[in-house]
Participant: 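I'd like to ask some things about the structure below.
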Amino acid sequence: MIKIAKLKTIAILTILLGPYILYAKDFKVKSPNGQNVVIVKCETSISFSISNRNANIIDVSNIALNLDVAQLSENPNVESVKYTSHAGTINVEVPTKFKTIKESYNQLELEFLNNISLVFRVYDNGVAYRFETRLTNKEILVNSESFSFDVKAARNTIWPYEFDKQPDPMQSSFQYGFKDIPYQQIDSTTVGLPAYFTASNGSKVVFTESDLLDYPNVFIKKAGALTGKFPHPILEQRQISDRKIQIVKVADYIAKTEGTRTYPWRLWMIDNDDAGLLTNNLVFQLATPSKIKETGFIKPGKVAWDWWNYNNIYGVDFRAGLNTKTYKYYIDFASRFGLEYLLIDEGWTRSTTDLTHTNPNIDIREIVRYGKEKNVDILVWVLWGGLDKKMEEILDVYENWGLKGIKVDFMGRGEQYIVNFYQRLAEACAKRKMMVDFHAAYKPTGLGRTYPNVMTYEGVQGLETVKWESTVTPSHDVNLPFTRMMAGPMDYTPGAMKNANEKNFYPVFTEPMSMGTRAHQTALYVVFESPWMMMSDSPSNYLKDVAYTDYLSRFPTIWDETKVLYANAGKAVITARRFGKKWYVGGITYWKKFETQIDFTFLGKGNYEAQILADGINADRVAEDYRITTRAVNRTDKYEVKMAPGGGFTIILSPMDNQ
């Protein structure tokens, strides 16, 4: 369970505000270190500015919340003002960066005459605000929420875009590409979050949201400034296929909800440089604390997976496919290399809508029994629509079978009903001691703190795409930590054993390959964050190189501590992470070779054995070329990083001398 270990909160009443009030309708709040400053103006409308290192970098305007029973928009009347300060420690149940998070912030709460409040939190590494309502109405309609912001004189943005444009951009698989463009060149297409900017003073900014519960996702569109957009509830729809609908009619409001509640945080993560940005945890910190009391069933781990490799098992005496013998083979492989799970993807059920009967070639109880014998737990894929209709009944069956979790797929929307589906499913699975992986899903918004059994999300243009197109490049990979991954864990599904350089790559659905080197693929297990991490290729391919597979299988999927050794968005990133006493370093680059020097000052005292997997001397010609070397290092040593185009490297650092 996530616990608040230390807490210090100081409330300063209105009569004590003194120097904090600039004049009647201006209010100022600073971060604990004074680096970030927010000035809120309540005049004809509500607006605020964010200054960072003495430079005004963001202006936010047109802040409004319009309900059927009240509104906060024009000519707001402030009834009371409260400042608070907080310092505390959060212990994280499933840590993707840090097992323990120290946090501190200063908070400003403005309460208006109509029982609507605005709350601002200013951290050393970000700024967030949200609405709160204290209305006696049991149910209210949110007709609209509005805000616009401008990253003033921004140098650039890494902007999300759809590879295949959708008729309605708020219906999407959320598998965005990202393009580094001048801020002024952002077009008017509505896009999902996160979005990255370089501010006028060089600081790095990522905008997203947190604590999204019982409310629609926010999207943004350039309409002068960057403006918030929200999908409306669907009132009437037509089923096109098992996973597609046509929307016929939507409501004229964005949410139907309780009168007394808090609303999602609008969040700008801010740091001096890219390296600092990558350790930002504010999406997690701003989320509602855990609602799960007993968390012993929650188990991160690596996952053997069938779909990406098309069940291409070979060198065996049975026909590979969606059958019990194939999955026992996967279990044997997972057991041999210490993988915790096998995920059985689409095709295991009688149909995609009948989720409690298997296809005739699969004995799910036998697979679960065999997995238990081999210490490998079983996860299964499900289509969300059928699960939504009979959630309790289906999950009861899965619990009875002994399944430990599900991958739920093809939601592809972001309105309030879908958001509530995520929460209902997380809660229903927790009651049965099961875990969840959301696919074709919107970005994480902190639900993994509220329900730690939510292990990971897709919502990323991941490795699956190489099966049919050429968009998942090393350049794309190096953008992801600064964009999509800023929101939370991402199920990118790495692990390709067939690797190709830029000239030799071509999409193959049944025998896919990755773009970039083998060392690049390996490094994704350190650079990318996901408590469930797929090993996506065929066991038969892994078994062709046992030394490599043994090395790959040693990476943890959760982390006690994270340090970023080098970061340049879209170019290269090198990350060091600790789990227990061991450290793991991973670096990736784009389609150009990259060289730098790193040191080991993050290590403890004494000597460490460094097992280094790096690009081979011919990796620029043959992407599968790699080498593994071993040497002793200590915290005074340095390492010369040399990555081939589309390359990478990893280091496993194990303490020596019984330390």
Side-chain angles (χ1 to χ4, degrees), residues 46 60 62-74 76 112 114-119 128-149 168-172 174 190-193 207-221 226-237 245 247-267 283 286-288 291 384 388 411-427 438 441-447 450-451 459 487:
I46 302 171
V60 187
N62 302 317
I63 298 170
L65 184 68
N66 292 302
L67 313 175
D68 60 337
V69 295
Q71 68 175 20
L72 179 61
S73 55
E74 298 178 351
F112 298 86
N114 48 12
N115 293 317
I116 302 176
S117 296
L118 265 176
V119 179
Y129 81 91
R130 73 173 173 192
F131 294 100
E132 295 184 6
T133 53
R134 290 175 293 279
L135 302 167
T136 57
N137 310 68
K138 184 176 181 181
E139 187 175 81
I140 61 172
L141 297 180
V142 182
N143 292 324
S144 65
E145 178 190 341
S146 64
F147 68 90
S148 298
F149 72 94
D168 179 355
M170 290 186 279
Q171 286 190 77
S172 169
F174 307 102
T190 299
V191 299
L193 302 172
F207 177 70
T208 191
E209 64 180 325
S210 178
D211 209 28
L212 176 63
L213 300 168
D214 193 29
Y215 204 75
N217 275 253
V218 65
F219 296 75
I220 53 176
K221 175 179 181 177
L226 299 173
T227 302
K229 298 291 181 182
F230 299 87
H232 291 235
I234 298 171
L235 298 181
E236 185 180 342
Q237 65 187 44
I245 63 163
I247 297 176
V248 177
K249 184 180 179 181
V250 298
D252 58 2
Y253 54 86
I254 64 170
K256 182 184 291 185
T257 189
E258 296 178 356
T260 297
R261 62 162 295 174
T262 60
Y263 293 73
W265 292 99
R266 312 292 168 226
L267 166 64
V283 172
L286 287 162
T288 299
K291 294 179 179 289
W384 90 274
D388 183 44
M411 288 76 70
R413 308 201 311 258
E415 85 279 6
Q416 183 186 19
Y417 184 87
I418 292 292
V419 172
N420 289 343
F421 168 78
Y422 283 41
Q423 184 175 1
R424 279 195 302 120
L425 180 57
E427 188 172 295
F438 291 107
Y442 59 77
K443 81 280 179 192
T445 59
L447 192 65
T450 312
Y451 295 93

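Computed from a predicted model, the values in this text were never measured in an experiment.
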Participant: I need the T260 OG1 to I140 CD1 distance, nearest 0.5 Å.
Facilitator: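 Between T260 OG1 and I140 CD1, I get 8.0 Å after rounding to 0.5 Å.
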
Participant: Can you give me the closest heavy-atom contact between F207 and L267, atom names plus distance?
Facilitator: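 Where F207 meets L267 most closely, the heavy atoms are CD1-O, 3.1 Å.
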
Participant: Tell me whether D68 contacts the main-chain N or O of L141 through its side chain, where contact means a donor paired with an acceptor under 3.5 Å.
Facilitator: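 Yes, because the side chain of D68 sits within donor-acceptor range (under 3.5 Å) of the backbone of L141.
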
Participant: Is it the case that the side chain of S146 and the backbone of N62 share a donor-acceptor pair, with hydrogens and angles ignored and the cut-off at 3.5 Å?
Facilitator: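 Judged by distance alone, yes, a pair lies under 3.5 Å.
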
Participant: Any side-chain to backbone donor/acceptor pair from S210 onto V283? Under 3.5 Å, distance only.
Facilitator: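 Looks like yes, one N/O pair under 3.5 Å.
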
Participant: Taking the side chain from Q423 and the backbone from L213, do they hold a donor-acceptor pair closer than 3.5 Å?
Facilitator: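 Not at all, since once roles are kept as given, no pair shorter than 3.5 Å links the two residues.
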
Participant: For residues P76 and F112, report the shortest heavy-atom separation together with the two atoms involved.
Facilitator: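 Heavy atoms only, the tightest pair is CB-CE2, 3.6 Å.
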
Participant: Could you tell me whether E139 atom CD has more than 12 heavy atoms of other residues or ligands within 6.0 Å of it?
Facilitator: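 Enclosed: over 12 neighbouring heavy atoms sit under 6.0 Å from CD of E139.
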
Participant: Check the pair Q71 / N143 against side-chain contact (heavy atoms from CB on, under 4.5 Å), numbers first and verdict last.
Facilitator: CA-CA 9 Å; Q71 68 175 20; N143 292 324; over 6 Å; no

Participant: Taking the side chain from T190 and the backbone from P169, do they hold a donor-acceptor pair closer than 3.5 Å?
Facilitator: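 Pair absent, no side-chain N/O of T190 close to backbone of P169.
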
Participant: Look at the side chain of W265 and the backbone N and O of A128, then say whether any donor-acceptor pair between them is shorter than 3.5 Å.
Facilitator: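 No; zero donor-acceptor contacts below 3.5 Å.
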
Participant: Taking all atoms of both residues into account, what is the closest heavy-atom pair of F174 and G412, and its distance?
Facilitator: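 Minimum heavy-atom separation between F174 and G412: CE1-C, 4.0 Å.
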
Participant: Can you give me the closest heavy-atom contact between R261 and D214, atom names plus distance?
Facilitator: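 The answer is NH1-O, 2.8 Å.
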
Participant: Carefully, step by step, assess L135 and N115 under the rule side-chain contact (heavy atoms from CB on, under 4.5 Å).
Facilitator: CA-CA 6 Å; L135 302 167; N115 293 317; 3.9 Å; yes

Participant: How far apart are the C-alpha atoms of E415 and M170, what are their side-chain angles, what is the distance that settles it, and do they pass the side-chain contact (heavy atoms from CB on, under 4.5 Å) test?
Facilitator: CA-CA 8 Å; E415 85 279 6; M170 290 186 279; over 6 Å; no

Participant: When you compare the side chain of T133 with that of Y263, does any pair of heavy atoms fall below 4.5 Å?
Facilitator: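 Side chain of Y263 against side chain of T133, heavy atoms only: contact under 4.5 Å found.
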
Participant: Could you check if a side-chain atom of Y422 sits within less than 4.5 angstrom of a side-chain atom of T445, using non-hydrogen atoms only?
Facilitator: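 Result no, sub-4.5 Å side-chain heavy-atom pair not found.
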
Participant: Could you check whether any side-chain heavy atom of R266 comes within less than 4.5 Å of a side-chain heavy atom of I63, counting everything from C-beta outward?
Facilitator: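 No. Closest side-chain heavy atoms not under 4.5 Å.
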
Participant: Do the rings of F147 and F230 sit parallel, tilted or perpendicular, given the 30° and 60° boundaries?
Facilitator: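 Rings of F147 and F230: perpendicular, over 60°.
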
Participant: Could you check F131 against L118 for side-chain contact (heavy atoms from CB on, under 4.5 Å), going step by step and ending with a plain yes or no?
Facilitator: CA-CA 5 Å; F131 294 100; L118 265 176; 3.6 Å; yes

Participant: Restricting to non-hydrogen atoms, name the atom on T450 and the atom on A287 that form the minimum distance, rounded to 0.1 Å.
Facilitator: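 Taking every non-hydrogen atom into account, OG1-CB, 4.3 Å.
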
Participant: Please name the pair of heavy atoms, one in Q171 and one in R413, separated by the smallest distance, quoted to 0.1 Å.
Facilitator: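 In terms of heavy atoms, the two residues are closest at OE1-CD, 4.0 Å.
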
Participant: Are more than 12 heavy atoms, taken from residues, nucleotides or ligands other than E74, located less than 6.0 Å from that residue's CD atom?
Facilitator: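 Atom CD in E74 is not packed in, count stays at 12 or less.
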
